[in-house]
2 protein chains.
Amino acid sequence: MAFAVTIDLVVFTIREDELCVLAVRRGVSPYCGRWALPGGFVQEEEGLLDAAQRELAEETGLEDLPVHLEQLATYGAPRRDPRLRVVSVAYLALAAELPEPAAGSDASEARWRPVADLSSPSRLAFDHDEILADGLERARGKLEYSPLATAFCADEFTVAELRHVYEVVWGIDVDPRNFHRKVTGSPGFLVPTGRRATRNGGRPAQLYRRGEAKLLNPPISR
Amino acid sequence: MAFAVTIDLVVFTIREDELCVLAVRRGVSPYCGRWALPGGFVQEEEGLLDAAQRELAEETGLEDLPVHLEQLATYGAPRRDPRLRVVSVAYLALAAELPEPAAGSDASEARWRPVADLSSPSRLAFDHDEILADGLERARGKLEYSPLATAFCADEFTVAELRHVYEVVWGIDVDPRNFHRKVTGSPGFLVPTGRRATRNGGRPAQLYRRGEAKLLNPPISR
DNA sequence: CCAATAGTGTCTTTCAGACACTATATA
DNA sequence: TATATAGTGTCTGAAAGACACTATTGG
């Protein structure tokens, strides 16, 4: 039995206080005209992660992206693609704010779409609603016990910017004082650069870079 | 580009104070004679989870197994199988103690092997060392914040038996008093049946069944 | 000066971890 | 009786959450 194997990407970023996902409008059948997650076929001599990185570079138009990329899950229901039997390996990517993407070969349009606009009966193509929901849940959960939130920030960032990531992804308010104490007290999470920045008036904030820590203990609870 | 798609199973159980994994000795090339994880090809009209359930039933010889089964990860390095391009979707299964398994069609032998015996340079076939390691890490992590440990227990079990699961999987001692307070105080985790049992002498213990809770909050920390 | 944001200190409650103690079975 | 295991109570230290307070900028 022969299968086609594809990669689908759930790429999140934060733009203007909203969690956004990279979406493409399909220009070919099936689901022509419908919004979908970006993706494509795995090539003959290509590993799965390699394929995900290639697709990500193609869709965003950028090389050497400073993004987090991890495998999410694999979807292979017999008729998820009406043309042929396709098994799709989904990857989750988190990126700092990027420029508006360019449309790829088989997409008539590519855009950052607020995740809130794609909920419920928004009906992405194929089973992409399910993949998006799984990606969102993974991202939300991982913020708790990993330093993943820094993947949404630029190379240098303030504690307030990092806190903003949590607030947008979780959709709740976080106490600035307790958050500050927690993240600056978590060893290896943040490294002060010595520089300071004034972003929105008020006292200038210390700038930080991601630290070496791979796990947050204790976690930050939702 | 055509791929073969397979399922590989990481099936854990606890036997005689040891965490064991279901392993088969390969009877055909490649890796003939070597130990491997059980698995097989996904059929034409079969979903991935369906295939995993079918393989699990075939390998253990039992239907309607009361086991936990979840997708683990997907492995697709270009030359992980020397014969052809294979993408394998691995599933993690956790089961209460089961009888010694029967060998399948392409395996000369099937056995429960202690995980400790398969560490380091044990060299399972293909990339199965990596899959096993990923499965072990997933199982260990999930015990912390989910009621998954009950999947290793029979339908009715004592707090001591549940504690034993944590001790064997994590390889550490757990304080019986604090553990008892914690799990019985976690709402929806355990449901007392009213029955009692004497397993090893001493005061008989209350018997419990799994509750409805899908998440443990706060988690039990390693 | 005031407004706004950054960052610290302090109090209360909750919970993990250590462990003494009581309860109920078998030999 | 002794012994083994089940289950409860209590103390201590760490950390979460609430929030008063100080610090440093711009207007």
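Here is the naming used below: chain letters follow the sequence lines, and residue numbers restart at 1 for every chain.
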Atom pairs, protein N/O to nucleotides 11-13 of chain D N/O, distance under 3.5 Å:
none

Under the rule for side chain to side chain contact (heavy atoms under 4.5 Å, CB included), what residues qualify as partners of B/Cys20, not counting sequence neighbours? B/Thr13, B/Arg15, B/Glu18, B/Trp112, B/Pro114
Residues that B/Ala51 engages under side chain to side chain contact (heavy atoms under 4.5 Å, CB included), provided they are two or more places apart: B/Ile7, B/Val42, B/Glu46, B/Arg54
Reading DNA chain C from 5' to 3', where do the contacts with chain B start and stop? Cut-off is 4.0 Å to heavy atoms. C/dA16 to C/dA25
Rounded to the nearest 0.5 angstrom, the OG-CG distance for A/Ser88 and A/Leu37 is 9.0 Å
A/Phe126 meets the ring pair (Phe, Tyr, Trp, His ring centres under 6.0 Å) criterion, sequence neighbours left out, with A/Tyr31, A/His128
Do B/Phe157 and B/Leu190 have side chains that approach each other closer than 4.5 Å (heavy atoms only, starting at C-beta)? yes
Filtered N/O pairs between nucleotides 23-25 of chain D and protein, under 3.5 Å:
residue : atom : partner  : partner atom : Å
D/dA23  : O4'  : A/Arg203 : NH1          : 3.4
D/dA23  : N3   : A/Arg203 : NH1          : 3.3
D/dT24  : O2   : A/Arg203 : N            : 3.4

Residues 203-215 of chain B, side-chain donor-acceptor partners within the protein, below 3.5 Å, at least two apart:
residue  : atom : partner  : partner atom : Å
B/Gln206 : OE1  : B/Gly194 : N            : 3.2
B/Arg209 : NH1  : B/Asp155 : OD2          : 2.9
B/Arg210 : NH1  : B/Thr150 : O            : 2.4

Of A/Ile14, A/Leu148, A/Val67, which is the lone residue that meets side chain to side chain contact (heavy atoms under 4.5 Å, CB included) with A/Leu94? A/Leu148
Report yes or no: do B/Tyr75 and B/Asp8 form a side-chain donor-acceptor pair below 3.5 Å? no
Can you check the B/Leu207 CG to D/dA6 P distance for me, whole Å? 11 Å
Residue pairs passing the ring-ring contact (aromatic ring centres under 6.0 Å, His included) test where at least one lies in residues 175-198 of chain B, sequence neighbours excluded: B/Tyr166-B/Phe179
For DNA chain D, the residues among residues 165-173 of chain B that have a non-hydrogen atom under 4.0 Å from it: none
Sequence neighbours excluded, every pair satisfying side chain to side chain donor-acceptor pair (under 3.5 Å) that has a member inside residues 187-196 of chain A: A/Glu156-A/Arg195
For the helix from C/dC1-D/dG27 to C/dA27-D/dT1, figure out the bend between the end axes, five pairs an end, and round to 10 degrees. 0°
Which residue is it: A/Arg80, A/Arg34, A/Arg123? I am looking for the one with a salt bridge (charged side-chain N to carboxylate O under 4.0 Å, His left out) to A/Asp129. A/Arg123
Holding to side chain to side chain donor-acceptor pair (under 3.5 Å), I want the full list of residues that pass it with A/Arg163, two or more places apart in sequence or in another chain. none
